[in-house]
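Have a look at the structure below, then the notes.
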Amino acid sequence: MSRIVYVNGSYVPEEEAKISVFDRGFLFADGVYEVTSVLEGKLIDFPGHLARLRRSLAELALPSPATDAEIEAMHRELMARNGLTEGMIYMQVSRGAAERDFAYPDEPVPSLVAFTQAKAIAGSPAARTGIKVVTVPDIRWARRDIKTVQLLAPSMCKMMAKEAGADDAWMVEDGFVTEGTSNNAHIVRRDGTIVTRDLSHAILHGITRAAVLAFAREAQMRVEERPFTVEEARDAAEAFVTSASSFVTPVVAIDGQPVGDGRPGPVAARLREIYVAESLRRAS
Ligand code: PMP
């Protein structure tokens, strides 16, 4: 069934949704994006996603194509037109069409596109079984805090994981885990402390990561934000990843070695439960 997608102010069937071949998003990956999950017909953590979009745009001096209120209304319209109650909404802002030139155009006309993806995220099988990851070198650029559409490096890392029979890759730089290909990486030490990499240019500042860590602290769990090594991760009691499209998902093996007893652990399960309940309560 054809979706209705949003392209620069219009709602059109996906077959009719078109962007110029001169769009800088296409030619230079000169664009940023956000993915917001939808649960029970509500937008989860939406203010956080809007705030990060603003930050990404500012870091790239990319003009905003719409106000926060317009972007929110567009998300709700897409949900309504596509009958989406569970899944994701992807939105992308690019610097728009201009004569091909490395320098930014003087007066860019940004493009804004968005579409829905229906998916069962609350009851996803991975949440019950956990996922297996392999470690690979982090070959991405140096500004991973900006959520750009240049996703070929993480895409290659994900393919390396699939070829190795795993579900995802944890990327490693200077011996320390940065993050998953499309999620933030966390471990739970044997003393119960949650360890996750601190915020910097090295990782994306996950909206789910921030919410989950806040809930963990409210629940009196100990949290340490610092880099951790692959060895520390292999020795952990539990490991898990966070993202808007997977919430909290246990990691049960790293490079073929079981994490803890090789089964999803109680801390990840509890954090997932709290995250779903609390973020739903705050959502609209
Ligand atoms: N890190 C990377 C590299 C990602 O691509 C994502 C998801 N897009 C995340 C972390 C998780 O971020 P969020 O919780 O905001 O979805």
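Both counts, for ligands and for their atoms, begin at 1 and track the order of listing.
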Please produce the table of protein N or O atoms sitting under 3.5 Å from N or O atoms belonging to ligand 1, one pair a line, distance to 0.1 Å.
from	atom 1	to	atom 2	distance (Å)
ligand 1	1 (N)	E179	OE1	2.6
ligand 1	8 (N)	K147	NZ	2.4
ligand 1	14 (O)	I207	N	3.4
ligand 1	14 (O)	T208	N	3.0
ligand 1	14 (O)	T208	OG1	2.6
ligand 1	15 (O)	R52	NH1	2.8
ligand 1	15 (O)	R52	NH2	2.9
ligand 1	15 (O)	I207	N	2.8
ligand 1	16 (O)	A244	N	2.8

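- Here the options are E16, E15, E14, the test is side-chain hydrogen bond (donor to acceptor under 3.5 Å, both in side chains), and the partner is S2; only E15 passes.
- The two residues A114 and L78 come nearest to each other via the heavy atoms CB-CD1, 3.6 Å.
- A search for side chain to side chain donor-acceptor pair (under 3.5 Å) contacts involving Q150 returns nothing, not counting sequence neighbours.
- Checked against ring-ring contact (aromatic ring centres under 6.0 Å, His included), Y11 has the following partners two or more places apart in sequence or in another chain: Y6.
- Residues R281 and E278 are paired through a salt bridge, judged by an N-O separation under 4.0 Å between the basic side chain and the carboxylate.
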Side-chain donor-acceptor pairs under 3.5 Å in residues 164-176, sequence neighbours left out?
from	atom 1	to	atom 2	distance (Å)
D167	OD2	K132	N	2.7
D168	OD1	T181	OG1	2.6
D168	OD2	N183	ND2	3.0
E173	OE1	R144	NH1	3.1
E173	OE2	R144	NH2	2.8

